[in-house]
Amino acid sequence: MAGVRRLGLAEALALGPGWRHACHALLYAPDPGMLFGRIPLRYAVLMQMRFDGRLGFPGGFVDSQDNTLEDGLNRELREELGEAVSAFSVERTDHRSSHVGARPRVVTHFYAKRLTLEQLEAVEAGAPRAKDHGLEVLGLVRVPLYTLRDGVGGLPAFLENSFIGTAREELLEALQDLGLLKSESVPGLKTPVHR
Ligand code: APR
Ligand code: MG
C-alpha cells in the first residue's frame, strides 16, 4: 500500500499520546478436511466481512481503559466474535508486524494465533451472538488456501476482493511465514510488500 511503513513494536509504542493504536488478529487452526474429497484444506484461516464492505481481520481500536495492546485486542475480539474467544487469549508473543501510514495518526498491529479446530469452530458457531454481529461484523469467512485447476478459483480469486488497510499484505505474509501455504499452490504469487 502506498505511503505505508512498517515499524518495530518498540518504535510504535513510543509514538506518543496523539496516536491511536488498532490491533487485529489472524486466527487459524489445522484442518484435515478435504474439499470434494480430494483437495486438502490444510488450515482454517478466519477473516471477516466488515461494515465497510471490505475484508479484514477481527480486532479494532485500543481504548484508554485497556491496559495493554493485547487487552484491547482481546476485548475487541470478544465484541466482534463472541464469548468463545474467552477460551484463549492473544499474547504479545503472537505479534507479527506494525504499520503506520494507512490512516493519519493510526498505528496498526497485527497478530496471528494458532487454535485447535474445535476452538476455531466454537468461535464460528458463537459469532452470530456477538455484540457486533450484523453491525461492525457482517460475517466470518474462511480463506481458501488452495488453487483450483483453472488457476484462479480459490486463493487467487479470494485475493481479488477489497481488503481494509494492510490486511491483504498481512494475510499473504502470514500464510507464507507460518507455512500455511504450499508455495506451488498459488501460481504467480508475489512476495508481499512491507518486509
Ligand atoms: N490491517 C491494518 N489496518 C487495519 C486492519 C488490518 N487488518 N483492519 C483495520 N485496519 C485499520 C483501518 O484503518 C481501520 O479503520 O484499523 C482501523 C481500525 O480498525 P477497525 O477494526 O475498523 O476498528 P474498530 O475499533 O473495530 O471499530 C470500527 O472505527 O473507524 C471507526 O467509524 C469506525 O466506528 C467504527 C470503528
Ligand atoms: Mg474492528
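Counting starts at 1 for both ligands and their atoms, in listed order. The first residue in the sequence is number 1, and the count goes up from there.
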**Item:** Distance below 2.8 Å from the Mg ion (ligand 2): protein N/O/S atoms
**Value:** G59 O, E80 OE2
**Message:** Applying side chain to side chain contact (heavy atoms under 4.5 Å, CB included) to L81 and L46, what does each step give before you reach the verdict?
**Reply:** CA-CA 11 Å; L81 301 177; L46 290 185; 5.5 Å; no
**Asked** In terms of hydrophobic clustering (I, L, V, M, F, W, Y; side-chain heavy atoms under 4.5 Å; direct or indirect links), are L77 and M47 co-clustered?
**Response** no
**Request:** Determine the interplanar angle of the H109 and H21 rings, folded into 0 to 90°, and report it as parallel if under 30°, tilted if 30 to 60°, perpendicular if over 60°.
**Result:** parallel
**Prompt:** Can you check whether L159 reaches L172 side chain to side chain, under 4.5 Å on heavy atoms?
**Reply:** yes
**Fill in**
For ligand 1, protein residues within the heavy-atom limit of under 4.0 Å are A22, H24, R50, F51, F57, G59, G60, F61, E76, E80, R103, T108, E136, I164, T166, A167, E170
**Prompt:** OG1/T93 to CD/E70 distance, rounded to the nearest 0.5 angstrom?
**Reply:** 8.5 Å
**Message:** Which residues pass the ring pair (Phe, Tyr, Trp, His ring centres under 6.0 Å) test with F163, not counting sequence neighbours?
**Reply:** F158
**Side-chain ion pair, R6 and E169, N-O less than 4.0 Å** = no
**Message:** Has T116 got a side-chain atom pairing as donor or acceptor with Q119's backbone, closer than 3.5 angstrom?
**Reply:** yes
**Asked** Which residue pairs satisfy the salt bridge (charged side-chain N to carboxylate O under 4.0 Å, His left out) criterion with at least one member in residues 28-45, sequence neighbours excluded?
**Response** D31-R142
